[in-house]
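Since the structure comes first, as structure tokens, the remarks are kept for the end.
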Amino acid sequence: MDLVFIIFLMLVAIVLVLIEIFLLPGITLAGIGGGIFAIGGLFYAYSVSSFMGNITLLLFICTFTIAFIWLVKSKSLNRVALHTNADSKLTSSRELGINPGDEGITLSRLAPIGKATINGIVVEAKSEEGFIDEEVPLVVVHVDGYNVIVTEKKEEI
């Protein structure tokens with residue numbers, strides 16, 4: 001009866017730890033539970049006899065290693081794996097042809113960052129000072145990489 005109980009504890013420990021490694025990110029209850037089951041199983045095996053504890057530890061390490069290698073080499077995890085590649089890139093405002101002095105209009109309130117159309121291109125603009133309401137004419141003051149700094153266009157009299 002002791003042997004069946006020890007085998008059960010160790011198999012549950014192996015399954016929980018493998019679930020933790022391959023399916024669940026971070027440290028979760030599966031990993032903690034697997035550790036508790038492994039420690040409990042080893043403690044119980046050593047309480048039966050020193051020989052039983054040593055055999056249990058050796059078989060646990062071998063079984064876990066074999067299961068780990070099998071899961072890594074098998075294609076069984078491909079069904080739950082992410083197969084998406086991110087191949088897009090961020091284009092800087094300077095590459096879009098936006099230069100200081102260009103004019104545009106706000107699409108949303110710049111508080112202090114929002115959307116604006118400059119030269120027919122929708123960009124994220126940053127107000128140089130204060131807030132700028134929606135649909136207000138603006139002028140580009142500075143272009144720094146991906147940041148377009150704008151100010152409200154002053155009406156000439």
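Along the sequence shown, residues are numbered consecutively beginning with 1. Hydrogens, waters and symmetry mates are skipped; everything else that's a heavy atom, side chains included, is used. Being a predicted model, the structure only gives us computed values, none of them experimental.
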Neighbour count above 12 (heavy atom, 6.0 Å) for Leu29 CG: no
Counting neighbours of CZ on Phe37 that are heavy atoms of other residues, nucleotides or ligands and sit closer than 6.0 Å, is the number greater than 12? no
Could you report the tightest heavy-atom contact between Ala116 and Ala125, atom names first, then the distance? CB-CB, 3.9 Å
In Å, rounded to the nearest 0.5 Å, how long is the span from SG of Cys62 to CG of Leu57? 9.5 Å
Heavy atoms only: give me the nearest Ile6-Gly41 pair and the separation to one decimal. CG2-O, 4.4 Å
Do Ile21 and Leu23 share a hydrophobic cluster, counting only Ile, Leu, Val, Met, Phe, Trp and Tyr and linking them when any side-chain heavy atoms are less than 4.5 Å apart? yes
Check whether any side-chain heavy atom of Val150 sits under 4.5 Å from a side-chain heavy atom of Ile118, and report yes or no. yes
Side chain to side chain contact (heavy atoms under 4.5 Å, CB included) for Val4 and Phe8? Distances and angles first, verdict last. CA-CA 6 Å; Val4 173; Phe8 172 76; 5.5 Å; no
Please report the closest heavy-atom contact between Ala67 and Leu18, naming both atoms and the distance. CB-CD1, 3.6 Å
Not counting sequence neighbours, list each pair that qualifies as a side-chain hydrogen bond (donor to acceptor under 3.5 Å, both in side chains) and has a residue in residues 18-30. Glu20-Thr28
How long is the straight-line distance from CG of Leu107 back to CD of Glu124, given to the nearest 0.5 Å? 12.0 Å
Donor-acceptor pair, side chain of Ser108 and main chain of Lys115, under 3.5 angstrom: yes
Is it possible for you to say whether Val141 and Ile98 belong to one hydrophobic cluster, with membership spreading through side-chain heavy-atom contacts below 4.5 Å? no
Judged by atom type as modelled, is there a donor-acceptor pair below 3.5 Å linking the side chain of Thr106 to the main-chain atoms of Glu135? yes
Check Thr63 against Leu59 and note the closest heavy-atom contact, atom names and distance. OG1-O, 2.7 Å
Under a single-linkage definition using a 4.5 Å side-chain heavy-atom cutoff for Ile, Leu, Val, Met, Phe, Trp and Tyr, are Val17 and Ile36 assigned to the same hydrophobic cluster? no
Would you kindly confirm whether Phe60 and Leu11 end up in one hydrophobic cluster when ILVMFWY residues are joined by side chain heavy atoms under 4.5 Å apart? yes
Between CD on residue Glu129 and OG on residue Ser127, distance to nearest 0.5 Å: 7.0 Å
Dump the intermediate steps for side chain to side chain contact (heavy atoms under 4.5 Å, CB included) on Leu138 and Glu152, then the final yes or no. CA-CA 4 Å; Leu138 53 87; Glu152 190 173 338; 5.8 Å; no
For Ala30 and Leu16, the nearest pair of non-hydrogen atoms, with its separation, is O-CB, 3.3 Å
Stepwise side chain to side chain contact (heavy atoms under 4.5 Å, CB included) test for Met10 and Leu42: CA-CA 8 Å; Met10 300 314 281; Leu42 286 172; 3.9 Å; yes
Check whether any side-chain N or O of Asp102 sits under 3.5 Å from a backbone N or O of Asn99 as a donor-acceptor pair, and report yes or no. yes
Could you measure the distance from the NZ atom of Lys153 to the CD1 atom of Ile105? Nearest 0.5 Å is fine. 10.5 Å
Are Ile7 and Ile14 linked, directly or through intermediate hydrophobic residues, by side-chain heavy-atom contacts shorter than 4.5 Å (ILVMFWY only)? yes
Separation between OG (Ser49) and CG (Asp2), nearest 0.5 Å, reads 9.5 Å
Counting neighbours of OH on Tyr46 that are heavy atoms of other residues, nucleotides or ligands and sit closer than 6.0 Å, is the number greater than 12? yes
